[in-house]
Each structure stands twice: as C-alpha cells, then as structure tokens.
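Chain A is the first sequence line, chain B the second, and so forth, proteins listed ahead of strands; every chain is numbered from 1.
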There are 2 protein chains.
Amino acid sequence: MARSIHVRRPATLASLAAELGVSRTTVSNAYNRPDQLSPELRRRVLETARRLGYPGPDPVARSLRTRKAGAVGLLLTENLSYAFRDPAALGFLEGLALACEGAGQGLHLVPVNPEREDVAAVHRAGVDGFVVYSVPDDDPHLAAVLSRPVPTVVADQPNVEGVDQVGIDDRAAITALAQQLIDLGHRRVGVLCMRLSRDRNDGFASQERQSTAHFHVQRARLNGLADSFGKAGVDWASVRVVERFDHTTASGASAAAQLLDADPQITALVCTSDILALGALTEARRRGLRVPQDLTVTGFDGIAEADRVGLTTVRQPVLEKGRAAGKLLLGAPDPTRPRQVILDTELVLGATSAPPRTSEERWFGP
Amino acid sequence: MARSIHVRRPATLASLAAELGVSRTTVSNAYNRPDQLSPELRRRVLETARRLGYPGPDPVARSLRTRKAGAVGLLLTENLSYAFRDPAALGFLEGLALACEGAGQGLHLVPVNPEREDVAAVHRAGVDGFVVYSVPDDDPHLAAVLSRPVPTVVADQPNVEGVDQVGIDDRAAITALAQQLIDLGHRRVGVLCMRLSRDRNDGFASQERQSTAHFHVQRARLNGLADSFGKAGVDWASVRVVERFDHTTASGASAAAQLLDADPQITALVCTSDILALGALTEARRRGLRVPQDLTVTGFDGIAEADRVGLTTVRQPVLEKGRAAGKLLLGAPDPTRPRQVILDTELVLGATSAPPRTSEERWFGP
DNA sequence: CTGAAAGCGCTAACAG
DNA sequence: CTGTTAGCGCTTTCAG
C-alpha cells in the first residue's frame, strides 16, 4: 500500500477556486452542499482537488467559522491513563463514547496532570462542551471548564449550581446497605473510603475531615453510614474510617490491615468502592479470616469483578451514567433550569456478608 | 458552589482591548507572553477580562492562527466503545494516553461507525496528527487519515509505505509458539482467528481467504503457522481455520465448538488472541475435555486474564506499544525515511499446553 | 513595552 | 446555480 506524497499544506480552498476559475463558495459547496452545484462542476472541483493535493476544508478553520468543533471534552480528575484502569470509570467512558458515536461527535480527552495545576489544557481544548467526571469541588480544572462559554455536564460530583448533572442518590444507596448490615447484627464496623480531598491522607479520617470532604460522593456515603449506624445506637465517633488516596486493591488491602490492627473486634468492613473491597478481601484471606463467617466485607459500584467473587455491594449503572451525560450534553439544553438525571442503584446481596460471630464463636469456633 | 452566569460569547480579545484602550497585541500578550508587558498592566487586563466575562483566547481561533490543535487523533476500526472492552486495545490506549499526557496533548477519539462508511468525522477532527490502531488495509477511514496533511503513525496494521509504524514481529512470535506445539508432538491442530476482512465471515476460512486477508496481523500469524506446521510435515490444506467477526469470548467458544465438531481428533486449538482462547477454554470445559490433558489451547497477546488462568500464549507489550506510538507521533519526524518500532514478544508457557494424548489414551484413559 | 497591519482558511448571507 | 462581501477570533512580525 502506497501513500501519495503531499506537499506541506499547499492548496487551500481559495487556491483551488483560483485554479478552477470559480468562487470559493462554489468549492466550499462542492464539499458541504453537493446539491448547490451541478454534478459536473462538482466532479471537476473534486478532481482538481485531488490533482492539487487539496485535502478538503481545514477542520480548524471550519470550526472557527461555524463555531462548532464537533467534539466533546472529557475532564477526569485522575491521569488519563487511570481512567483506563478503573472499571467504573471505564464503564462511564464507554457509555459516553457510545453517546458521542451516536451523535458523530469526537471525544476529546483533556490531558490533566493532577499533580501540577496546569489548567492550560482546558483552555486549549477545541470542544463544543465538557463532561466532567467525578472531581473535587475545588478542582481548578473544573473552574477552568466552567469559565468557558460552552455547555457542561457534571457526572457524580461536585454539585455545581446551575449546571446539568447526572449521578445517583449516594445517600439512599448507602443507607440501604447500612440497614442491611444493621439488620444482620453488625455494630462494630470499620470503614474504608477513597480520597476525601486533593491532599494525600493515607490513614484515619477524623470526623471533621469526613464532613468537610471535597468529594461529595464520599461525604454522602460516610454521612449516610453515620446516620444509619447512629440510629442503630452506634456512636459514630468511635467508628474508625480509613482513607486512601490511591484507588487500588493494594490500597484496600492496606487500609483493611490498618483497620483490623487497630480493632480486631471489627465484624464488618464497609468499603466505599468495590476496588477497595477486593483489596480488603485479599487482606482478610491473608490473615486467615473467613469471609463472611469471620468478617463481612461490602463494596460499592457493582463492577464485573465484584460480581464474579460474589461481593455484597451496591450496583450503579455506570455505562448508563456515561450515556446519560453524553445525551444531556448533546441534547438541547433547558435554558430555564439545570437538568438532573438520578439513576437507580441496586443493593446486591452477595456472599461476603453474614451475621457477625458472637464472641464465643470467635474464640471457640462455631 | 455557584457559577457565574455567562452571556453568549460576548467578549472577545478585540472587545477587551477596546474596553481597555490598548491594542489586541497587548491583551494577547497578557495571556501568552506575560513577560512582554508590565505586571501592572497585565493585572488590569486580566481583571477587566474577569469583569467582562472574557474566558480567554478562543482555542479554535488560536489553533487556526498557530496551526496547532494541541490534540492527537486516534482512529480505531471498531466502535469506540469496543476499545473499552478489549484488554489489549485498552492497554494500547493507556500507553498512548500516557504519552499524550506527558506532552500536554489531548487525545481525540474519532467517532467511527464501522457499519457506515462515514469518513466525515476524520475530516472534521481538529488534530495535529493521527494514530491509527489496527485497521484493515482497505479501511476508508485510514485513507481519509492519510489524505490529511498531518503526521500519522500506524499501530499493528496495516503496513503503509512511507508511514511511521509500531508493532511486533507477528511471524516470529507465532513461529515460536508453533514450534513449541510441534515439539510437544501436536500434528492435528485447529485454528481460531479474528476477522480477516471487513465482510463478516463466521465460519471456516479457505486458504485463499487466509492469504488474502486484509488484516496483515492475522495473515502473518496464519502464514507463520502454515509454514511451521508445513515444515513439520502437516499439510496446511487439511488444517481447519475458523474465523470470527466479533472479537469476544463467546466467539471463541462457538469457534472452538465448530472446530471440535468438525474434527474431534484435534489435539490443539491455536487461537490468534487470548480472548478467543478464553472462549475456547470455556467450550472445552463444557465438553468435559480436560486442558491440557485432552486438549491444548493457546492464545496471543498476554492479557491479564490469560495470565490469571495460566494460558499458554505470546505476550506482547501493549502498553509500551501505545506509548511508542504516541512518542513517534509527538517526536520529531524523520523526513528522510519512515520510522519503525518493533517491540519484543515473549512466549509464555502456561498450563494449557501439553503433549497430545495417544489414541489409546484417548479411548482408554491414561 | 506597545500598536498597526496582515492574515490563518473557511462559511454564510445575499444578490445576481 | 454562482459570485461578492464580510467576517469567525486570534497571533505575529515589525516598527515605534
């Protein structure tokens, strides 16, 4: 297979028109409105274009003129590459890609380095709108996105006044899960959560930190747990919450270890994501704790791997979420008020939750 | 969190300059060359910008002027969303994203519908270059990409004269695998391969079809197998090759079934991808065939799941491939000749390959 | 340090 | 069906 040699951007629409002795409009029409000129002339235009190596209208110039870039920007809080590792993020991405595909829109992944606060990439992105996926409420990139005069949809977090949004009811979802654990009899629980703020804190999270978390998804889940267990007579101040900055199974494992070291009497580990829960399962196994007989472990998200191991968790429709975000962005906006899509979640009772063992059982076996 | 109301694209650089009573250059400099004006003036410019709701230089206009879009286009042969399901593609994507991130370039996923031959999206993409990932040599989107006056890198396939490329030595890789099987004693094998052309053919692939495949990766692997087994005295014309259009484990399972139905004496199933191999393993289990005692199964790629189940396969560095493609595209091109990166592969001897059973063993047990 | 001039390449009325 | 006229919003020499 050979490719034609091309000169450095030689021909333009204007030069083609000159060569043909027609106006630029006519050439433009040949590409954009075939019905506006005779087939014969169009053929001649296209043929001359080929001869001159004219690659067709320049997309950037066209975008400037039409004020349409034909692409949707996606802003993620993590490194781009992280999105390709986290199953939940991936599901979202797939849904969003589906929506873009359907509308013939490109998907422009904005290169963001969470370490540096380099907002320039947001300003440089030639897009018709942004989808922002799960970023902290004080994210400077988010601020940059909002400063651009294009429609924006936020997925999961944060809540931004006046901006379209798609997400789930985190509080309701976690409440159902908590109630289940309470009904099973768990009162002594430990919590593993994801990062609560942009600064790294791999360790216990104070109540202060919990309630001022910059990720409202995590905040809602923690508050929901606190309320549910509070009503069941558990003093939340006594419940240990361990935070991890990196969202990996290794984080889950080390957090579980930290929790179990601090209080071996814990009967249930509540994790705010499946990834963390999978890590917790690994750590339990390492310690010779049987799940669920000796320890209950729960997750959140409902990723495929969770399904496979029978994790008790809350399933949320991540693909649907991505698709909904895309549809919201690409559909006609409602000028009167921001739109909001709240998707359903489902409590999945797996094989990793059971009533706690009594103290006797703990020491003398079942 | 509140957001400021913004009017529909009210302020421009020019209007800002007018308001301030300075030239456009000065305003432009305030954004792009802070050292070119006094801090005081710059502060005034930025402050007025905020007051007027000027969001900063328009990215599209800037791109037109500077002839830089700040993004890399990615062309995939499948639906965008498919890429998020195939682990090998995902690894590539991650590597490419890493490279883009490092260079501060956006990654623009081109929306391609493989059903329709709509090439417009390629022409519309405002990008500085393209990475093309594993498409057939007659793909119209590829042709569209090549017609654009921007640098291009092809990953895996096809070979395009004069175009930078990154890939592996498929022939060498498959030859090592074939030799292993031959050494184990396999002579009666069946082959499962991915799509060989843009038209759907779920069934046996004739030798004609094998050697004229539009995906040279598949072609090279099949030809490599044919040569190796040919040298070992196997008449390739007698070897059944089953093709599947969709690249899923379900395809692998049904292809394995088709092969084993046609010839129950087959001792080894050679699959040109791990995904297909995983499906073949499922089908073998369903039939009560023990792997590797009753049947040898091999894959290609070295995805994580293959590792987990101990599949005998060829590992290729997919992430590295993506990164290499990005580096090639973003680095300085070599004007004298096309660059080519061939990455190393590694034969992974897993637990799914063993010597074939003798006929006696087959009927009377080991 | 600032401004004037000159487009980047294209599309969209509108009039012929 | 074709051409004329006007920019889209910005950057960049090059003088001052």
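- Between the side chain of Arg124(B) and the backbone N or O of Pro59(A) there is no donor-acceptor pair closer than 3.5 Å.
- At most 12 non-hydrogen atoms from other residues, nucleotides or ligands lie less than 6.0 angstrom from CZ of Arg85(A).
- Nucleotide dT2(C) holds its P atom 15 Å from the CG atom of Asn32(B), rounded to whole Å.
- Side chain of Thr66(A) to backbone of Arg62(A): a donor-acceptor contact under 3.5 angstrom is found.
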N/O to N/O distances under 3.5 Å, protein versus nucleotides 13-16 of chain D:
none

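- Considering only side-chain N and O atoms, Arg67(A) lies under 4.0 angstrom from the phosphate OP1 or OP2 of dG9(D).
- Rounded to whole angstrom, the span from the CZ atom of Arg62(A) across to the P atom of dT11(C) amounts to 5 Å.
- Within 4.0 Å (heavy atoms only), Tyr31(B) reaches no atom of the nucleic acid at all.
- For residues 30-57 of chain A, the ring pair (Phe, Tyr, Trp, His ring centres under 6.0 Å) pairs, not counting sequence neighbours, are Tyr31(A)-Tyr54(A).
- Atom CG in Leu64(B) sits roughly 13 Å away from atom C1' in dT11(C) (whole-Å rounding).
- Distances shown here put every side-chain N or O of Asn29(A) at or beyond 4.0 Å from the OP1 or OP2 atom of dT2(D).
- In this structure, the CZ atom of Arg44(B) is 15 Å from the P atom of dC1(C), given to the nearest Å.
- The phosphate of dC10(D) has neither OP1 nor OP2 within less than 4.0 Å of any side-chain N or O from Ser28(B).
- Regarding Arg124(B), its CZ atom lies at a distance of 15 Å from the P atom of dC10(C), rounded to whole Å.
- Residue Ser38(A) has no polar side-chain atom (N or O) positioned under 4.0 Å from OP1 or OP2 of dC1(D).
- Close to dG9(D), at under 4.0 Å from its OP1 or OP2, lies no side-chain N or O of Thr12(B).
- At a cut-off of 3.5 Å, with distance as the only test, no side-chain donor of Gln157(B) or Asp137(B) sits close to an acceptor on the other residue.
- When each of Pro57(A) and Arg65(B) is assigned the nucleotide of DNA chain C bearing its nearest heavy atom, the one mapping closer to the 5' terminus is Arg65(B).
- Phosphate contact (OP1/OP2 of dT2(D), side-chain N/O of Ser23(A), threshold under 4.0 Å): absent.
- In this structure, His123(A) places its NE2 atom 18 Å from P of dG9(D), rounding to the nearest Å.
- For Asp35(B) and dT2(C), the CG to C1' distance is 14 Å, given to the nearest whole Å.
- Relative to the side chain of Leu13(B), the nucleotides dC10(D), dG3(C), dT12(D) differ in distance, and dC10(D) lies closest.
- Each of dC1(D), dG9(C), dG9(D) was ranked by its minimum atom distance to the side chain of Asp58(A); first place goes to dG9(C).
- Nucleic acid contact for Val60(A): none, since no nucleic acid atom lies under 4.0 Å from a heavy atom of the residue.
- A donor-acceptor pair is defined here as one N or O able to donate and one able to accept, closer than 3.5 Å; no such pair exists between the side chain of Ser134(A) and the backbone of Asp156(A).
- Judged as a side-chain hydrogen bond (donor to acceptor under 3.5 Å, both in side chains), and not counting sequence neighbours, the contacts of Ser23(A) are Thr26(A).
- The distance from atom CZ of Arg24(B) to atom C1' of dT12(D) is 11 Å, rounded to the nearest whole Å.
- Side chains of Arg42(B) and Asn29(B): a donor-acceptor N/O pair is absent below 3.5 angstrom, by distance only.
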